[in-house]
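Just so it is clear: chains get the letters A, B, ... in the order the sequence lines come, proteins before strands, and each one is counted from 1.
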Protein chains: 2
Amino acid sequence: MGVLRKTKSVEVVLHEFSKDSSAISVITLVERLQLDMNKTTVYRILNKLEDDGIVHSFLGKNGHKWYAKCHNCSSAVHKDVHPHFQCISCGKVECLEINVPIPDIPNRKVEVSQILLQGKCEACYD
Amino acid sequence: MGVLRKTKSVEVVLHEFSKDSSAISVITLVERLQLDMNKTTVYRILNKLEDDGIVHSFLGKNGHKWYAKCHNCSSAVHKDVHPHFQCISCGKVECLEINVPIPDIPNRKVEVSQILLQGKCEACYD
DNA sequence: AATTTAACGCAACTAAGTTGCAACAATGAT
DNA sequence: ATCATTGTTGCAACTTAGTTGCGTTAAATT
């Protein structure tokens with residue numbers, strides 16, 4: 001499954017990602033687009049955009065879902081398995097373009113790593 | 001706040017952690033103890049046990065809360081900021097006694113790191 | 001045993017995310 | 001351009017993790 005039709009709603013959602021380079025939580029998106037579309041539509045479009053490798057998702061500090069634009073993904077391979085950074089002051093979430101090497105773990109095969117770092121962001125830094 | 005009284009319910013919850021060395025999700029715990037106590041009680045006891053540094057919590061792959069016994073914590077300092085491993089086959093979650101070094105990030109101060117690794121556990125490994 | 005007050009059970013609530021279905025609209029064919 | 005097809009949307013109702021308020025119960029202390 002993926003995005004098949006270029007609807008108004010899809011364009012509106014895409015626009016939100018194009019104007020903001022940081023990640024957006026679904027909650028924020030639903031709230032921000034409540035006049036444009038139903039929350040069900042937001043959830044469904046995000047699902048499809050992720051299938052298509054256009055955005056990727058991850059969980060913020062409360063276990064709520066966040067989305068951000070992908071840089072080097074396709075529907076086949078989601079390469080964007082970078083860490084994410086959430087500011088504990090302003091709540092903003094960003095993708096970090098760094099590589100965190102995961103040590104080998106005996107008798108276990110790590111396939112996915114989900115790393116959420118929390119602290120003070122650039123703007124909230126003392 | 002913390003555990004002030006040694007009630008039957010507290011002992012039952014503690015017993016669950018003593019008989020199982022891997023982590024337990026709140027959902028499982030509520031279900032497993034439904035004959036012993038109310039789910040509200042489970043949530044409240046876990047909260048207090050965490051405050052006291054007896055257990056620590058983290059989020060599993062669906063954003064659901066998990067708890068595991070602490071090894072070197074106190075109510076003042078939660079030292080148990082190790083990574084967790086969740087098996088994608090059987091769903092089991094374990095604490096990993098390894099250290100994942102987080103690289104310094106320019107202009108940001110990392111205070112907490114939440115690392116969830118997913119893959120095949122010892123038992124489900126091919 | 002009486003008193004104090006933390007802890008408990010219960011029911012009702014909140015909020016994120018999902019589902020089913022009828023109505024609508026983007027796309028390709030005519 | 002119009003029609004038919006079928007993917008997409010809105011709506012309402014639902015599911016489920018987690019929380020809250022409050023009256024009752026039961027630890028701990030005297």
Side-chain angles (χ1 to χ4, degrees), chain A residues 1-17 23-68 75 84 86 91 93 114 116, chain B residues 1-17 23-68 75 84 86 91 93 114 116:
Chain A
M1 190 166 63
V3 173
L4 301 178
R5 294 184 184 178
K6 260 262 154 60
T7 66
K8 197 71 184 282
S9 298
V10 170
E11 276 173 46
V12 170
V13 171
L14 284 175
H15 178 67
E16 288 300 314
F17 285 101
I24 314 174
S25 75
V26 181
I27 298 171
T28 302
L29 211 48
V30 167
E31 190 179 299
R32 195 185 289 173
L33 301 180
Q34 62 182 327
L35 297 176
D36 298 278
M37 71 196 76
N38 191 273
K39 70 169 176 173
T40 312
T41 305
V42 176
Y43 280 101
R44 289 195 273 230
I45 288 176
L46 290 172
N47 246 331
K48 294 190 176 177
L49 292 178
E50 184 168 28
D51 278 351
D52 285 2
I54 295 166
V55 298
H56 62 279
S57 73
F58 56 94
L59 300 175
K61 65 175 153 68
N62 302 311
H64 294 156
K65 219 166 183 181
W66 288 71
Y67 283 87
S75 54
H84 294 93
Q86 183 158 26
V93 178
Q114 213 175 99
L116 181 68
Chain B
M1 189 169 62
V3 173
L4 301 178
R5 295 183 184 178
K6 258 265 154 60
T7 64
K8 197 69 185 286
S9 298
V10 170
E11 276 173 46
V12 170
V13 170
L14 285 175
H15 179 67
E16 289 299 314
F17 285 100
I24 314 175
S25 76
V26 181
I27 298 171
T28 302
L29 211 49
V30 166
E31 189 180 299
R32 195 185 289 173
L33 301 180
Q34 62 181 328
L35 297 176
D36 298 277
M37 70 195 77
N38 191 273
K39 71 169 175 172
T40 310
T41 305
V42 176
Y43 279 100
R44 288 196 272 230
I45 288 175
L46 290 172
N47 246 331
K48 295 195 175 174
L49 291 178
E50 185 168 27
D51 278 351
D52 284 3
I54 294 166
V55 299
H56 62 279
S57 73
F58 55 94
L59 300 175
K61 64 175 154 67
N62 302 313
H64 294 156
K65 220 165 183 183
W66 288 71
Y67 282 87
S75 55
H84 294 94
Q86 182 159 26
V93 178
Q114 213 177 101
L116 181 68

*For the atom pair CD1 (A:Ile54) and CG (A:Leu14), what is the distance rounded to the nearest 0.5 Å?*
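It comes to 6.0 Å.
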*Mind checking side-chain hydrogen bond (donor to acceptor under 3.5 Å, both in side chains) for B:Ser25 and listing every partner two or more places apart, or none if nothing turns up?*
B:Thr28
*Could I get the full list of side-chain hydrogen bond (donor to acceptor under 3.5 Å, both in side chains) partners for A:Asn38, not counting sequence neighbours?*
A:Thr40
Starting at atom [atom1] of [X], determine the distance to atom [atom2] of [N], rounded to an integer number of angstrom.
X       : N      : atom1 : atom2 : result
B:Glu31 : D:dA17 : CD    : P     : 9 Å
B:Asp51 : C:dA7  : CG    : P     : 11 Å
B:Leu29 : D:dA17 : CG    : P     : 13 Å
A:Lys48 : D:dT6  : NZ    : P     : 15 Å
A:Leu46 : D:dT8  : CG    : P     : 14 Å
B:Trp66 : D:dG18 : CH2   : C1'   : 17 Å
B:Asn38 : D:dT19 : CG    : C1'   : 12 Å
B:Asn62 : D:dG18 : CG    : C1'   : 15 Å

Can you check whether [X] reaches [Y] side chain to side chain, under 4.5 Å on heavy atoms?
X       : Y       : answer
B:Arg44 : B:Met37 : no
A:Val10 : A:Lys48 : no
B:Leu29 : B:Leu46 : yes

*asked:* Please report the end-to-end axis angle for the helix from C:dA1-D:dT30 to C:dT30-D:dA1, five pairs per end, rounded to 10 degrees.
replied: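 Answer for the end axes of this duplex: 30°.
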*Quick one, give me the B/S/- string for nucleotides 17-30 of chain C, reading 5' to 3', where B means a protein heavy atom under 4.0 Å from the base and S means that only happens at the primed atoms, P, OP1 or OP2.*
BBBB----BBS---
*asked:* C:dC8, OP1 or OP2 - any side-chain N/O from B:Ser9 closer than 4.0 Å?
replied: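 Indeed, a polar side-chain atom of B:Ser9 lies that close.
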Without placing hydrogens or testing angles, list every side-chain donor-acceptor pair under 3.5 Å for residues 59-68 of chain A, not counting sequence neighbours.
none

_Could you walk me through whether A:Ser9 and A:Ile45 satisfy the side-chain contact (heavy atoms from CB on, under 4.5 Å) test, starting with their C-alpha distance in whole Å, then the side-chain angles of each, then the deciding distance to 0.1 Å, before giving a yes or no?_
CA-CA 8 Å; A:Ser9 298; A:Ile45 288 176; 3.5 Å; yes
*Set of salt bridge (Lys or Arg N to Asp or Glu O under 4.0 Å) partners for B:Glu16, sequence neighbours left out*: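 B:Glu16 satisfies salt bridge (Lys or Arg N to Asp or Glu O under 4.0 Å) with B:Lys19, B:Arg32 once adjacent residues are dropped.
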